[in-house]
Every structure is written in structure tokens, then in C-alpha cells.
K.L.:
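Before anything else, here's the structure in question.
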Number of protein chains: 2
Amino acid sequence: MENETPETPPLVLEDFIPYRLNKAAEAVSQRFASIYRDRYGLTRPEWRTLATLGQFGILTATAIGAHSSMHKTKVSRAVFTLEKRRWLSRKRDDIDRRIENLELTPAGRKVYADLAKVAHAFEAELLSNLGSKGEKELNAGLAALEAYFG
Amino acid sequence: MENETPETPPLVLEDFIPYRLNKAAEAVSQRFASIYRDRYGLTRPEWRTLATLGQFGILTATAIGAHSSMHKTKVSRAVFTLEKRRWLSRKRDDIDRRIENLELTPAGRKVYADLAKVAHAFEAELLSNLGSKGEKELNAGLAALEAYFG
DNA sequence: AATAGATCGTCACACTTGCAACTAATATCG
DNA sequence: CGATATTAGTTGCAAGTGTGACGATCTATT
């Protein structure tokens with residue numbers, strides 16, 4: 001007699017950490033992505049570029065990529081789009097002329113400020129739904145992962 | 001006098017939950033992906049399809065997509081590839097002939113069994129590096145997120 | 001100073017993905 | 001019963017992505 005479905009499947013995805021982590025991250029990301037997409041028509045790489053520049057002020061494209069784990073062509077294209085929208089300006093470095101120093105324009109900073117506010121609200125809303133216990137645990141769990149990878 | 005970098009940037013990405021969650025998930029996923037890619041040349045959608053079928057036995061393409069949050073075209077293409085490799089077989093349903101009942105072949109089950117074993121080892125290794133405290137916290141944090149979304 | 005090697009950012013190309021349209025089959029409702 | 005709507009799965013097409021090559025510039029070695 002054969003079992004169509006094994007009674008104890010070798011791997012239960014719902015219990016598998018990588019799977020759970022991914023699903024949770026994807027769910028959170030998509031919710032947040034719909035916000036900046038609806039508000040400003042930003043893609044994910046564009047939002048990340050904007051946010052990284054907003055946080056650090058002036059950076060090169062390479063630095064943005066390193067910090068946000070984005071491929072350099074992704075950054076290159078995001079920068080191009082943001083520049084077209086006049087939310088970002090480039091300046092060739094005087095000392096090393098391979099480098100471009102990127103900076104948000106006043107208009108870009110405005111968008112950033114608005115989205116930063118929304119981001120905080122989003123995060124607060126999410127965390128409040130987890131409860132203070134859930135929040136602590138999630139934070140600690142992520143910290144553990146970061147300690148391992150970092 | 002102007003500050004190039006704001007002293008207190010409106011949003012610190014390293015502290016922002018969606019960002020941290022994503023980065024952690026991406027790091028874990030890529031490590032694991034490199035395993036099934038190197039071993040069997042599987043893509044992510046293909047692995048997910050294999051794993052879902054391995055767990056549940058017989059499913060339709062739609063069911064696989066629903067369970068693993070994959071777009072139906074993604075599933076369709078993954079099924080096609082797995083079928084070509086003879087790791088998966090289709091059978092039109094006798095009652096509802098729109099439906100295809102998908103099932104792993106013996107060869108497919110073999111691959112699945114191997115990868116399931118590797119997956120458990122991968123997870124165990126990861127968790128051991130988090131420590132039993134980190135493990136508990138991560139589990140609890142994910143559970144909180146799942147409770148909120150589920 | 002000259003050559004070789006590394007780095008920055010861009011581009012062409014192939015590959016992956018999602019959306020919308022499509023075929024085939026079933027379900028619903030007058 | 002018959003017309004319409006819905007569902008399962010595939011495919012064409014457009015958009016997004018990573019790889020590798022490239023020009024330009026800088027660094028290191030001699």
C-alpha cells in the first residue's frame with residue numbers, strides 16, 4: 001500500500017526558518033512598497049537609493065550599493081531616474097574624477113522627509129499590532145541574525 | 001552654516017524593521033539558494049515547487065501557487081522545467097479536466113529527500129549560530145508576524 | 001615616467017518576471 | 001437548456017534584472 005502524501009513529510013515549509021523569514025519579509029515589503037509606489041511612483045531600488053541618500057547626505061553610487069546590498073547597475077538606473085525627476089544631483093569629484101558625488105536636491109529631500117514620516121508611521125502601526133512582546137522578540141531575533149551575518 | 005549630513009536623519013535604515021527583515025531574509029535565502037543551485041541547478045521557483053509537492057504529495061499548479069505565494073506563471077514555468085527533467089508528472093483530472101494533478105516522480109522524490117535533509121542541516125547550523133536564546137526570539141518574532149498577517 | 005592593474009559608472013545583451021490576453025473546461029443562472 | 005461568467009493553465013509582450021564588456025580614471029610597481 002502506498003501513501004500519496006507522506007505522513008511526516010521530510011520538510012514542513014511552514015516550520016522552515018528561511019521560508020518563514022522570506023514570507024514575512026515579502027509581506028511587509030510589499031505593503032510598504034505599495035505606499036511609496038502610490039504616493040510617488042517609486043520603485044524599490046529608487047526608494048532605497050532615496051532613503052540611503054536621505055540618511056547619509058552625500059554618497060557615491062558604489063557606496064549606495066554597498067550599503068543597501070544593491071547591484072551597481074540597479075543603483076545606476078535608480079540614480080538616473082531620480083536625477084531625471086530632479087530629486088537628486090550629481091557632481092563629479094574634483095580629486096577622483098571617476099566618482100560622482102550624489103546628493104538629494106531640496107525637492108528630493110522633501111519627498112524623503114515625507115516618506116520617512118510615513119515609514120515611521122508604518123513601522124509603528126506594524127509593531128503595535130505585534131504587541132510589545134512581539135516587538136521585543138522580533139527585534140531580538142533580527143539582532144541575532146544580524147550578529148551572525150554582520 | 002549647512003550640514004551635509006543631518007545629525008539625526010529622519011529615517012535610520014539599520015533600525016527600520018522592514019529593511020532589517022528584508023536584509024536578513026535575503027541573506028539567509030541566498031545562502032540556501034546557492035546550495036540547491038549548486039547541487040541540482042534549481043532556481044528558486046523550482047525549489048519551491050519541488051518542496052511544496054514533496055510536502056503535500058499531489059497538488060494542482062494553482063494550489064502550489066497559493067501555498068507558496070508564487071504567481072501562477074512562475075509556477076507554470078517551474079512545473080514545465082521540472083517535468084522536462086522528469087522529476088514531476090502531470091495527470092489531467094478525470095472529473096475536472098481543466099485541472100492537472102502534479103506529483104513528484106521517484107527521481108523527483110529522491111532529489112527532494114536529499115534537499116530536505118540538506119535544508120534541515122542548513123537550518124540547524126543557522127539556529128545553532130543564533131544560540132538557543134536567539135532561536136527562541138526569532139521563532140517568537142516570526143510567529144508574531146505570522147499571527148498578524150495570517 | 002611608463003606600464004600594468006584596479007576601480008567607477010554605463011551599456012548591450014540574455015534571462016527572469018508579471019500582466020494581460022488567450023484556450024479549454026466547468027459552473028451559474030435565467 | 002443555453003448564455004454568460006468563472007476557473008485552470010499557457011503564452012506573448014513589456015519591463016526589470018544580472019553578467020560581462022567597455023571607456024575613463026586612478027594606483028602601484030618599476
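Convention: sequence-line order gives letters A, B, ...; per-chain numbering from 1.
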K.L.:
If you look at every strand shown and take non-hydrogen atoms under 4.0 Å, does A:L102 touch a base, only sugar-phosphate, or nothing?
P.N.:
nothing
K.L.:
Mind checking what makes side-chain hydrogen bond (donor to acceptor under 3.5 Å, both in side chains) contact with B:S128, not counting sequence neighbours?
P.N.:
none
K.L.:
Each nucleotide N or O in nucleotides 2-6 of chain D that has a protein N or O under 3.5 Å away: list the pair and distance.
P.N.:
none

K.L.:
Please enumerate all residues that pass salt bridge (charged side-chain N to carboxylate O under 4.0 Å, His left out) together with B:E100, with sequence neighbours excluded.
P.N.:
B:R90, B:R92
K.L.:
Name all residues meeting the salt bridge (charged side-chain N to carboxylate O under 4.0 Å, His left out) criterion together with A:D96; count only those two or more places apart in sequence or in a different chain, and write none if there are none.
P.N.:
A:R98
K.L.:
For nucleotides 11-21 of chain C, read 5' to 3', which letter fits each nucleotide if B means a protein heavy atom sits under 4.0 Å from the base, S means only the sugar-phosphate is that close, and - means neither?
P.N.:
BB----BBBB-
K.L.:
A:R86: which residues meet the salt bridge (charged side-chain N to carboxylate O under 4.0 Å, His left out) condition with it, sequence neighbours left out?
P.N.:
none
K.L.:
Round to the nearest Å and state the distance from B:N101 atom CG to D:dA8 atom C1'.
P.N.:
12 Å
K.L.:
For B:R20, what residues pass the salt bridge (charged side-chain N to carboxylate O under 4.0 Å, His left out) criterion, not counting sequence neighbours?
P.N.:
A:E146
K.L.:
Mind checking what makes side-chain hydrogen bond (donor to acceptor under 3.5 Å, both in side chains) contact with A:H120, not counting sequence neighbours?
P.N.:
none
K.L.:
Tell me which donor-acceptor pairs under 3.5 Å the side chains of residues 30-38 of chain B have, and how far apart each pair is, sequence neighbours excluded?
P.N.:
| from | atom 1 | to | atom 2 | distance (Å) |
| --- | --- | --- | --- | --- |
| B:Q30 | NE2 | B:E26 | OE2 | 3.4 |
| B:S34 | OG | B:R31 | O | 2.8 |

K.L.:
So, for A:S68 and A:T52, which heavy atoms are closest and what is the spacing to 0.1 Å?
P.N.:
CB-OG1, 4.1 Å
K.L.:
Just checking B:I95: base, sugar-phosphate only, or nothing, at a heavy-atom cut-off of under 4.0 Å?
P.N.:
sugar-phosphate
K.L.:
Quick one: B:I64 CD1 to D:dA8 C1', roughly how many Å, whole number?
P.N.:
13 Å
K.L.:
Strictly by ring-ring contact (aromatic ring centres under 6.0 Å, His included), give each pair with a member in residues 126-150 of chain A just once, sequence neighbours left out.
P.N.:
none
K.L.:
Can you sort out which residues in residues 84-92 of chain A have a heavy atom within less than 4.0 Å of DNA chain C? Ascending by number, please.
P.N.:
A:R90
K.L.:
Just how far, in rounded Å, is C1' of D:dG9 from CE of B:M70?
P.N.:
14 Å
K.L.:
List for me each residue that meets ring-ring contact (aromatic ring centres under 6.0 Å, His included) alongside A:H67, sequence neighbours excluded, and say none if there are none.
P.N.:
A:F56
